[in-house]
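Input: a single structure, listed below in structure tokens.
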Number of protein chains: 2
Amino acid sequence: MSAEMHKKIRVILADDHPVVRDGLAAMVNQQPDMEVVAEAGDGDTAITLFEERKPDVMVLDLRMPKRDGLAVVQRVMEINPKARLLVMTTYDGDEDIFQCLSHGAKGYILKDAPRQEILSAIRAVSEDRPYTSSTVAAKALQRMAKPSLTERELDVLELVAQGRSNKDIARRLSITEGTAKTHVKSILTKLDAISRTEAVAVAHKRGLIRL
Amino acid sequence: MSAEMHKKIRVILADDHPVVRDGLAAMVNQQPDMEVVAEAGDGDTAITLFEERKPDVMVLDLRMPKRDGLAVVQRVMEINPKARLLVMTTYDGDEDIFQCLSHGAKGYILKDAPRQEILSAIRAVSEDRPYTSSTVAAKALQRMAKPSLTERELDVLELVAQGRSNKDIARRLSITEGTAKTHVKSILTKLDAISRTEAVAVAHKRGLIRL
DNA sequence: TTCCGCCTCTCTCTATCGGGAGAGGTTCGC
DNA sequence: GCGAACCTCTCCCGATAGAGAGAGGCGGAA
């Protein structure tokens with residue numbers, strides 16, 4: 001504990017891969033101005049730990065068991081609108097970036113980023129400064145120009161992505177085949193796709209659907 | 001250098017995420033019986049480093065720039081059939097597992113595995129003992145019962161997954177639409193799918209296609 | 001050589017898909 | 001109260017997809 005040290009940045013890590021947590025923890029704890037105060041392997045414990053430890057920053061993976069990163073962002077911002085969250089993930093789809101940032105995450109960074117960039121991001125977010133690399137920011141802006149799908153359309157899209165026919169989709173959603181077609185047509189228009197299969201490809205690339 | 005130490009297990013890490021390499025390196029170097037002798041961020045340097053350093057084990061990620069994990073497995077086994085490779089990845093699709101193991105990887109482990117399991121796997125593979133968790137092994141066995149797609153079918157499947165029509169696929173592959181249909185039909189049969197969109201979903205789950 | 005798997009092509013036929021154009025009902029916010 | 005967006009339903013119609021049944025050529029393996 002040196003004299004010039006004021007207070008370390010207190011960090012919580014939330015990622016379901018022990019290896020990634022170890023890597024981040026090692027990086028962070030090596031810095032004189034920051035320390036890891038807790039680690040979570042799933043979304044629920046991330047939320048609990050955030051409330052208990054009130055860290056300066058929480059680093060969040062998007063894909064996690066129990067509750068995914070986006071859900072954690074929503075819940076935590078609800079509990080504490082001043083929370084400083086840095087999303088760190090491998091997914092660079094428009095939708096993920098857009099959703100996280102518009103729900104209040106202060107930063108979004110990709111896992112293949114170099115060590116220095118990750119540390120810079122943590123520092124920035126801890127001071128309540130937004131951090132987003134130019135490529136990520138560009139995607140968020142792109143996304144803003146695109147039409148959003150409605151909830152129902154997302155329901156339909158999911159079934160389309162599973163390879164269901166319009167008739168099948170209609171049965172599962174308790175609507176007529178005609179209505180299912182209407183939704184699919186609207187999805188095709190919004191995603192600028194010619195066929196349902198292309199729509200699935202586009203939706204996948206944008207991060208509108210998982211798996 | 002203590003007296004009871006004979007020789008440490010020399011490990012190379014190949015993963016495009018600096019964070020993951022750090023995490024693994026920290027774990028490995030903390031063990032008295034192993035050490036990291038090199039790290040690679042892409043497939044090409046993984047191969048080069050393997051030849052130069054001749055490690056006891058190389059831990060390989062599947063998704064890497066320049067050359068993916070499977071390609072590295074193939075090339076390294078070609079250079080040195082006695083190579084001991086441990087594939088470590090987030091993908092648990094039949095196809096990835098099957099391909100890696102049948103091309104000679106000694107182990108396959110998922111990134112969300114606990115620390116101890118990862119270390120056990122590295123030790124096992126370093127001694128030329130195969131390591132595969134029961135769930136992973138089960139998938140490899142499942143895959144063996146399934147028909148393989150031919151090269152041409154994989155070409156077609158990729159285009160189908162992009163949302164191309166039969167006509168479009170035919171044009172791109174310089175075949176007639178009828179032939180494209182024949183391939184698609186055969187793909188549907190082999191993947192046990194009713195529609196092309198379902199085929200894409202199945203192929204994706206199995207790891208037959210990326211993105 | 002003979003067989004077999006793969007790739008190619010052809011034909012027919014039906015179901016499904018996707019474009020186009022409405023229209024009635026709801027629940028919002030203004 | 002009045003749009004506006006959303007969900008629902010309805011028609012028509014041409015294009016595409018998928019099932020079924022062959023068949024020829026070409027390569028490698030037995």
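We name chains A, B, ... by the order of the sequence lines, and we start the count at 1 in each one. Remember, predicted model here, so these are calculated numbers, not experimental data.
Mapping B/Arg152 and A/Asn166 onto DNA chain C by nearest heavy atom places B/Arg152 closer to the 5' end of the strand. Nearest-nucleotide positions on DNA chain D place A/Lys190 closer to the 5' end than the other of A/Glu177 and A/Lys190. When each of A/Thr197 and B/Ile175 is assigned the nucleotide of DNA chain C bearing its nearest heavy atom, the one mapping closer to the 5' terminus is B/Ile175.
The CD1 atom of A/Ile187 sits 13 Å away from the P atom of C/dC17 (whole-angstrom rounding). Following rounding to the nearest Å, A/Arg196 (CZ) and D/dA15 (C1') show an atom-to-atom distance of 15 Å. Atom pair A/Leu154:CG and D/dC6:C1' shows a separation of 13 Å (rounding to whole Å applied). Look at CD on A/Glu153: it is 13 Å from C1' on D/dT8, rounded to the nearest Å. The nearest whole Å value for the distance from the NZ atom in A/Lys185 to the C1' atom in C/dT16 is 13 Å. The CD atom of B/Glu151 sits 11 Å away from the P atom of C/dC6 (whole-angstrom rounding). As a whole-Å value, the separation of B/Lys181 NZ from C/dT14 C1' is 11 Å. Atom CG of A/Asp168 is separated from atom P of C/dA15 by 17 Å (rounded to the nearest Å).
Counting any heavy atom pair closer than 4.0 Å across all strands shown, B/Ser195 reaches sugar-phosphate atoms only and no base atom. Residue A/Thr179 is classed as a base contact, given a heavy-atom separation below 4.0 Å to a base.
The shortest side-chain heavy-atom distance between B/Leu159 and B/Gln162 falls under the 4.5 Å cut-off.
In this structure, of C/dT8, C/dC9, D/dT10, it is D/dT10 that holds the atom nearest to the side chain of A/Thr176. Between C/dT10, D/dT10, D/dC7, one nucleotide has an atom nearer to the side chain of A/Thr150 than all others, and that is D/dC7. For A/Lys167, counting side-chain heavy atoms from C-beta on, the closest listed nucleotide (C/dG18, C/dT10, C/dT16) is C/dT16.
Counting atom types as modelled, B/Thr182 pairs a side-chain N or O with a base atom of C/dC9 as donor and acceptor under 3.5 Å.
Salt-bridge formation is not detected for the pair B/Lys8/B/Asp33: no Lys NZ or Arg NE/NH1/NH2 atom is positioned less than 4.0 Å from an Asp or Glu carboxylate oxygen.
Checked against B/Val156 for a side chain to side chain contact (heavy atoms under 4.5 Å, CB included), the options B/Leu173, B/Thr182, B/Thr179 give a single hit: B/Leu173.
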task = Applying side-chain hydrogen bond (donor to acceptor under 3.5 Å, both in side chains), run through B/Glu153 and B/His183 and close with a yes or a no.
result = CA-CA 6 Å; B/Glu153 284 160 2; B/His183 288 311; 5.0 Å; no
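Stacking of B/Arg210 on the aromatic ring of B/Tyr91 is recorded, both the 6.0 Å distance cut-off and the 45° axial limit being met.
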